Undergrad: 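Sharing a structure with you now.
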Amino acid sequence: MMRAVYMGTPEFAATVLRQVAEWGGCEIVGVYTQPDRPCGRGQVCKLSEVKELALELGLTVHQPLNFRNEEDVQILRDLRPDVLLVAAYGLILPQKVLDIPTYGAINVHASLLPKYRGAAPIQRAIMNGDPVTGVTIMQMEKGLDTGPILLQKAMAIGIADTAGTMHDQLAAMGGRLLVEALELLPKGGLHHKPQNDELSTHAAKLEKSEGVVDWTQPAKVVHARIRGVSPWPGAYFMMHRAGQKDLRISIEPGEIGPAMEPATDGSLPAPGSVLGLKDGKLVIATRDREYHISMLRPANKKPMNAAAFHCGYLGSCDDATCSGEGLC
């Protein structure tokens with residue numbers, strides 16, 4: 001039976017690991033994941049999702065800071081892996097590590113390479129309005145996501161899909177596709193297709209600042225941005241209220257509404273202005289169309305529906321809203 005070492009850190013990688021473990025067609029002789037990091041106010045070390053699963057499965061866990069220390073390289077070498085299985089590990093593997101296993105290192109990447117090489121392929125595909133994404137099984141080399149393609153499968157991105165929903169679907173697909181690759185690997189059934197570097201794009205890591213909503217953009221662009229940053233870092237905007245402090249509002253993805261009707265002078269509402277409630281949803285102006293939002297969360301408050309927000313923060317209540325939310 002083929003000896004495999006698994007390398008990964010977040011939930012995406014844990015989903016892939018579980019599917020490989022359940023398949024049972026290889027022996028997982030070790031699991032590598034990022035070192036435990038202090039997090040939260042108490043700075044308590046949090047285990048990665050891959051480490052939690054590996055311990056649950058009774059697998060040996062290794063957490064080197066990197067592979068610059070020759071001792072860490074030798075520990076990996078002593079495991080005698082036939083193949084390294086890598087998914088969102090968070091470290092670039094040096095050539096001396098890639099050269100250890102007989103079949104090299106195989107990576108699960110959540111995009112249709114060469115598009116979206118890098119840290120945030122799922123989010124960037126949605127934010128850019130792509131209609132399709134997918135998973136690539138790639139033979140790793142020293143460059144960042146530049147190795148030859150072994151297997152690839154596409155998945156449509158729906159108008160309501162978020163980075164969160166696509167993450168879960170692509171992780172499950174990635175696990176299945178990796179198992180398929182492992183079944184073909186010892187039989188010589190995988191063909192190496194070089195990537196066309198001229199078609200490559202970079203999927204940079206998301207920054208918190210990218211959660212801010214720019215209402216001056218067309219509604220289609222606004223909707224794509226909100227979905228791409230959900231659940232992290234989350235979409236928000238600053239609401240300006242006369243005579244009061246600006247209010248930060250976090251929002252969930254909404255729906256694109258109809259084209260806005262011009263005023264009698266032919267002008268359109270200013271982007272970002274609240275146009276009222278429609279079918280229980282808050283209506284906000286974008287460059288070209290209405291945007292309808294069901295759920296909002298003012299800073300330091302619990303999430304609330306659009307009617308409750310309209311009543312409590314914009315001072316427009318009706319009897320049903322008041323009685324249902326206890327705001328009047």
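Computed from a predicted structure; not experimentally measured. Every heavy atom of this structure was used, including side-chain atoms; hydrogens, water molecules and symmetry mates were not.
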Undergrad: Side-chain contact, heavy-atom cut-off 4.5 Å: Met138 with Ile106?
TA: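 Side-chain contact under 4.5 Å: no.
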
Undergrad: Can you see whether Tyr236 has Arg248 sitting over its ring - NZ or CZ less than 6.0 Å from the centre and within 45° of the normal?
TA: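 Yes, Arg248 and Tyr236 form such a contact.
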
Undergrad: Same hydrophobic cluster for Leu17 and Leu76, using side-chain heavy-atom links shorter than 4.5 Å among ILVMFWY?
TA: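 No.
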
Undergrad: With clusters built from Ile, Leu, Val, Met, Phe, Trp and Tyr whose side-chain heavy atoms come within less than 4.5 Å, directly or transitively, what are the remaining members of the cluster of Leu55, listed by chain and number?
TA: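 Direct or chained contacts put Leu55 with Leu47, Val61.
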
Undergrad: Decide salt bridge (Lys or Arg N to Asp or Glu O under 4.0 Å) for Lys46 and Asp36; before the verdict, give the C-alpha distance in whole Å, the side-chain angles of both, and the deciding distance to 0.1 Å.
TA: CA-CA 6 Å; Lys46 182 180 183 298; Asp36 302 338; over 6 Å; no

Undergrad: Could you check Arg77 against Glu70 for side chain to side chain contact (heavy atoms under 4.5 Å, CB included), going step by step and ending with a plain yes or no?
TA: CA-CA 10 Å; Arg77 192 178 288 119; Glu70 185 58 35; 3.6 Å; yes

Undergrad: Quick check: do Met166 and Ile157 have side-chain heavy atoms less than 4.5 Å from each other?
TA: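 With C-beta onward as the side chain, the pair touches.
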
Undergrad: So with a 6.0 Å cut-off around CG of Asp265, is the heavy-atom count from everything else above 12?
TA: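 Enclosed: over 12 neighbouring heavy atoms sit under 6.0 Å from CG of Asp265.
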
Undergrad: For Arg37, does the CZ atom have more than 12 heavy-atom neighbours from other residues, nucleotides or ligands under 6.0 Å away?
TA: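 Atom CZ in Arg37 is crowded, with more than 12 foreign heavy atoms closer than 6.0 Å.
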
Undergrad: Parallel, tilted or perpendicular: which fits the ring planes of Trp215 and Tyr291, with parallel below 30° and perpendicular above 60°?
TA: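 Rings of Trp215 and Tyr291: tilted, 30 to 60°.
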
Undergrad: Got a sec: does the NZ of Lys301 have more than 12 other heavy atoms crowding it under 6.0 Å?
TA: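 Result for NZ/Lys301: open.
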
Undergrad: Would a 4.5 Å heavy-atom cut-off, applied to side chains only, mark Ile137 and His109 as touching?
TA: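 When only atoms from C-beta onward are counted, His109 and Ile137 do not touch, as no gap falls below 4.5 Å.
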
Undergrad: Go through the side-chain N and O atoms of Thr33 and Ser48 and say whether any donor and acceptor fall under 3.5 Å apart.
TA: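 There is such a pair between these side chains.
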
Undergrad: Nearest 0.5 Å please: distance from the CD1 atom of Ile28 over to the CE atom of Met1.
TA: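 Reported value, rounded in 0.5 Å steps: 10.5 Å.
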
Undergrad: Regarding Asp145 and Tyr116, is there a side-chain donor-to-acceptor distance under 3.5 Å anywhere?
TA: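 Result is no, nothing qualifies.
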
Undergrad: Who passes side-chain hydrogen bond (donor to acceptor under 3.5 Å, both in side chains) against Asp168, sequence neighbours left out?
TA: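 By the side-chain hydrogen bond (donor to acceptor under 3.5 Å, both in side chains) rule, Asp168 matches no residue at all.
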
Undergrad: What distance separates Asp279 CG from His292 NE2, expressed to the nearest 0.5 Å?
TA: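 One gets 8.0 Å once the value is rounded to the nearest 0.5 Å.
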
Undergrad: For Arg124 and Glu210, what are the C-alpha separation, side-chain angles and deciding distance, and is it a salt bridge (Lys or Arg N to Asp or Glu O under 4.0 Å)?
TA: CA-CA 11 Å; Arg124 298 298 174 189; Glu210 294 185 84; 2.7 Å; yes

Undergrad: Do Gln169 and Asp161 come within less than 4.5 Å of each other through their side chains, counting heavy atoms only?
TA: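 Touching, per the 4.5 Å side-chain cut-off.
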
Undergrad: Kindly indicate, with the supporting measurements, whether the criterion side chain to side chain contact (heavy atoms under 4.5 Å, CB included) is fulfilled by Leu84 and Val97.
TA: CA-CA 9 Å; Leu84 300 183; Val97 168; 3.9 Å; yes

Undergrad: Side-chain contact test, heavy atoms from C-beta onward, threshold under 4.5 Å: evaluate it for Arg287 versus Leu268 and give yes or no.
TA: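 In short, these two side chains do not touch, never coming nearer than 4.5 Å.
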
Undergrad: What I want to find out is whether Glu56 reaches Arg18 closely enough, with some N-O distance under 4.0 Å, to be called a salt bridge.
TA: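 Result for this pair is yes, salt bridge flagged.
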
Undergrad: To the nearest 0.5 Å, how far apart are CD1 in Ile251 and CD1 in Ile293?
TA: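 Here the interatomic distance stands at 4.0 Å.
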
Undergrad: Please check if atom NZ in Lys142 has more than 12 non-hydrogen atoms from other residues, nucleotides or ligands closer than 6.0 Å.
TA: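 Counting neighbours around NZ of Lys142, 12 or fewer heavy atoms of other residues, nucleotides or ligands fall under 6.0 Å, so no.
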
Undergrad: Check whether any side-chain heavy atom of Pro218 sits under 4.5 Å from a side-chain heavy atom of Thr286, and report yes or no.
TA: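 Contact flag for Pro218/Thr286 side chains = no.
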
Undergrad: More than 12 foreign heavy atoms under 6.0 Å from CD of Glu71: is that the case here?
TA: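 It does not: Glu71 CD has 12 such atoms or fewer within range.
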
Undergrad: How many angstroms lie between atom OG1 of Thr136 and atom NZ of Lys115, to the nearest 0.5 angstrom?
TA: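 Atom-to-atom, Thr136:OG1 and Lys115:NZ are 12.0 Å apart.
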
Undergrad: Are Gln195 and Thr146 close enough, and set up right, to give a side-chain hydrogen bond (donor to acceptor under 3.5 Å, both in side chains), and what steps lead you there?
TA: CA-CA 7 Å; Gln195 293 188 42; Thr146 59; 6.0 Å; no

Undergrad: Quick one, Asp214 with Arg225, criterion side chain to side chain contact (heavy atoms under 4.5 Å, CB included). Give me CA distance, side-chain angles, the key distance, then yes/no.
TA: CA-CA 9 Å; Asp214 181 3; Arg225 168 59 64 98; over 6 Å; no

Undergrad: Evaluate the side-chain proximity of Glu290 to Ile284: yes if any heavy-atom separation is below 4.5 Å, no if none is.
TA: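 Side chain of Ile284 against side chain of Glu290, heavy atoms only: no contact under 4.5 Å found.
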
Undergrad: Would you say the side chains of Gln123 and Trp232 form a donor-acceptor pair under 3.5 Å?
TA: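 Note: Gln123 and Trp232 side chains miss the donor-acceptor criterion.
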
Undergrad: When you compare the side chain of Met155 with that of Met173, does any pair of heavy atoms fall below 4.5 Å?
TA: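 Met173 reaches Met155 side chain to side chain.
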
Undergrad: What do the steps show when you test His62 against Val31 for side chain to side chain contact (heavy atoms under 4.5 Å, CB included), and what is the final call?
TA: CA-CA 6 Å; His62 303 271; Val31 172; over 6 Å; no

Undergrad: Could you give all pairs that pass the side-chain hydrogen bond (donor to acceptor under 3.5 Å, both in side chains) test and reach residues 251-261, with sequence neighbours left out?
TA: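 For residues 251-261, and leaving out neighbouring residues, the side-chain hydrogen bond (donor to acceptor under 3.5 Å, both in side chains) pairs sorted by first residue read Glu255-Lys281.
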
